[in-house]
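Chain A is the first sequence line, chain B the second, and so forth, proteins listed ahead of strands; every chain is numbered from 1. Because the structure is a prediction, the values reported are computed rather than measured. All values below come from the heavy atoms of this structure, side chains included, with hydrogens, waters and symmetry mates left out.
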Amino acid sequence: MNDIFLKPYNPVETEDRIYDSWEKSGYFDYEKLPKRYADGQPFSIVLPPPNVTGTLHMGSALMLAIEDIMVRYARMTGKRTMWIPGTDHAAIATQSKVEKEISKKEGKSRHDLGREELLRRIDIFAKESHDVIVKQVRKMGCSIDWSREAFTLDEKRNLAVRTVFKKMFDDGIIYRGFRVVNWDPKGQTTISDDEIVYETRKTKLYTFKYSKDIPISISTTRPETKLGDTAIAVHPDDARFAKYIGKEFSTVFAGEPIHLKVISDISVEKDFGTGALGVTPAHSAIDWEMSQKNNLPLKQVINEYGKMMVGNDSIMGKKTAEAREAVVEWLRAEGLLEKEEDIEHNIALAERTGGVVEPLPKLQWFVGVNKKFRAQKGKFAGKEVTLKELMHDAVESGDTKMIPDRFEKTYIHWIDNLRDWCISRQIWYGHRVPVWYREVESEKLKEESGKWKAESEKLEIYCDINPPKGEGWKQDEDTLDTWFSSGLWTFSTLGWPDEKEFSKYKEFHPNTILETGWDILPFWVARMILMSTYVLGEVPFKSVYLHGLVRDAQGRKISKSLGNNVEPLDMIAKYGADAVRVSLIIGVGPGNDSKIGEDKIKAYKLFANKLWNITRFILSGTEGCNYDVGFDKSTEKDLALKEEFSAILKDITSDMENFRYYLAGDKLYQYAWHRLADVLLEESKAILSSGIIANGAPESPEKTSRQQFLLDTLIKLVRALHPFMPYITEEIWAYLPGVGGSAEKSGKDVKELLMVSEWPL
RNA sequence: GCGCGGUUAGCUCAGUUGGUAGAGCAUCCCCUUGACGUGGGGAGGGUCACAGGUUCGAAUCCUGUAUCGCGCACCA
């Protein structure tokens, strides 16, 4: 027996060495796997690219652990495994983080630095962040193919983005439209619906009349926007207002002339406020929709900085909050204010900057999800479809299955509520919109209602993968929503749009599985389905495994402000990656949130040690034992024990096939500790010490049988545990007899690594 | 408003197709000095949120209720 087993297991000393030997073997790359893999089924998965905004947390560690279990299990069952790493540039998140830092340290804004310098700074930051992330992924023991690493903003991915944009543009799916969008005055950019977080705040609901001559009272929490009202809406069945429908009124409201038409719309609730609603098309998404249906004019009264563009002297130029006071004052003075009440109200905040979102009418790029186009590839080839239909069908048809399946409902629900996706961002870090403009009529833009739409018509627009030739072209200043590029991830990482390269990897797409957190189901999963079904006519992956949130020991969300972050690298240094992995896996079913505390990690460090000692006992008790004899001489009792373990392994295999890693891991833990160690090793002590006979004489059959049983069981146990605890099992494997000694140790008999050995049955 | 999930031992949670309630931690008792004290054995502790139903049989399936949490929409 090697002396190494006389000391307790030392993960720190072992893990880096083992990871090196894996990398040197080349087996992370499916093309370099041993020959017998040549006919193996393909197994493909992408790493959900972590944002380069920071470093990994316990949630990422859980993700890495689950995915590595999937990949290692697949490899051990003979599959050609391709796991692709990468990182996400995370546009807004990264830029706002770097901007914040620069402003804090140097007191400079992005405009002080300029586009080029800011991008240079962001690249430096992203690089540093990337390096830490890569180190963390290695430390977790991930058997991921580094030779295929990608970045959502690198050259290849940029080509993929431009190619898809152009295709969508030509299909009329991408359009430039003047619409009310979510504007973040703090970040000075548009954001999508998904980048908004809601916060409940106390606010006042004001009820008033626009003027003494207008007979309908309305309620609002935002009186300052009423300067931009162009209609009053009531429910069509509301008898109280029926006589006014179609009537028009004019007045001067807080210094601003307004003209109101009374319209009816079923989206008005009769019971809220006065039952009538002031329609502000420019500053409310729903009012904007109403204005489109009713052909109402649009009037912007708040600008990009959240300041008033109209009104009397005490309003014009003021921020919205001050203007609100001023408007209320004016209402009071005019005797128009009827009621003030306190209500709870959800306000929309930009997720990244915390700015209060201001709905504003802007000219932006959109992906139209309800726009019909003719599908070219896949099951709908030749048919007229919409993106929404494709996304709906992917899950509805079962082409993509979700684990657990309850998330399929969530997904469908989300798709049904889907609106056009605003993809342009007024930030610098990201994929630049591949569109160029040339003025054909140099008429100045007029900030007057109705004239906005004309603006784009005076421009010649060119969209292509490469810039246009000729004079006077200017590229669109905007960049694309980060999800536009991460939506392409399953195929942009496989060489697409280079047909030659992509065809080589054809069998790896759709990916076998996608593993990610349920919290990004709508953002990322749905967008990958959108992109893949549109571009390739096939789903991006056959299954989606969704893991839950990792919370702290008290069940609180991990957050910076609470300071309750458990640093994966610290825990790995203290207890080893194997312990961290298992503690995150066991007892946590798919889709369920979990709690992680140091105690739990510690408990599995003890398990690693137990495993080490089991090995020590078995190796010392079986020295010189001829493994090749096999089980033909097993006692009945040992045969039964072998059957027992086989049955457990069969059960565990079924768990692995059905993504029940939390059960499989626990069963192995229970067997190893409470069956093998507590019972079988204890009873083996007597058996192993009994059969000692004089030199040269054969051992007792009972002892030989037991020795063989113990070794056989240890070998199978180590194999089955490998996906869960890759480091310690690989280390033990190197010292097991009968399966070929370690190459470094003996020089002869080159043994294959455990990572490419067969899953036990 | 629409939808999803939880409710099982003091705590944290398993319980896969329905078959006499499980683990870890905690508590208490005992054992153990050549695999491991990072150990072993044992005990106490639960009307499986509640009420109906299906069934020979329900923690598990169905209906409803309560309660906690979450998502989406609305939030004039």
Quick one: which of [options] gets closest to the side chain of [X]?
X: A/Phe272; options: B/A23, B/C72, B/C75; value: B/C75
X: A/Ile614; options: B/A35, B/C4, B/C75; value: B/A35
X: A/Asn609; options: B/C70, B/U16, B/U38; value: B/U38
X: A/His345; options: B/U16, B/C75, B/A35; value: B/C75
X: A/Leu663; options: B/A35, B/U16, B/A23; value: B/U16

Open item on the list: So which atom in A/Ala608 and which in A/Tyr9 form the shortest heavy-atom distance, rounded to 0.1 Å?
Closed with: CB-CD2, 4.3 Å

- [ ] Could you pull out the closest heavy-atom pair between A/Ala664 and A/Ile652, with the gap in Å?
- [x] CB-CG2, 3.8 Å

Report yes if a side-chain nitrogen or oxygen of [X] is closer than 4.0 Å to either non-bridging phosphate oxygen (OP1 or OP2) of [N]; otherwise report no.
X: A/Asn592; N: B/C13; answer: no
X: A/Trp673; N: B/G40; answer: yes
X: A/Tyr662; N: B/G15; answer: yes
X: A/Lys610; N: B/G40; answer: yes
X: A/Lys605; N: B/U38; answer: no

Open item on the list: Heavy-atom nearest nucleotide on RNA chain B for A/Lys409 versus A/Ile343: which residue maps closer to 5'?
Closed with: A/Lys409

Open item on the list: Return whichever of A/Ile347 or A/Pro8 has its heavy-atom-nearest nucleotide of RNA chain B closer to the 5' end.
Closed with: A/Pro8

- [ ] With A/Arg581 as the cation and A/Phe724 as the aromatic partner, state whether NZ or CZ is under 6.0 Å from the six-membered ring centre and within 45° of the axis.
- [x] no

Open item on the list: Closer than 4.0 angstrom, basic N to acidic O: yes or no for A/Glu408 and A/Lys401?
Closed with: no

Task: Carboxylate-amine/guanidinium proximity below 4.0 Å for A/Asp578 and A/Lys605 - done: no

Open item on the list: Distance check needed: B/A35 P versus A/Tyr9 OH, whole Å only.
Closed with: 23 Å

Task: Spacing of A/Leu717 atom CG relative to B/A35 atom C1', expressed in whole Å - done: 15 Å

TODO: Report which part of the nucleic acid A/Ile286 touches: base, sugar-phosphate, or nothing (heavy-atom distance under 4.0 Å, all strands).
DONE: sugar-phosphate

- [ ] Classify the nucleic acid contact of A/Glu682 as base, sugar-phosphate or nothing, counting any heavy atom under 4.0 Å across all strands shown.
- [x] base

Taking atom [atom1] in both [N] and [M], compute the distance separating them and give it to the nearest angstrom.
N: B/A14; M: B/G5; atom1: P; result: 15 Å
N: B/A49; M: B/C68; atom1: C1'; result: 11 Å
N: B/G64; M: B/C25; atom1: C1'; result: 37 Å

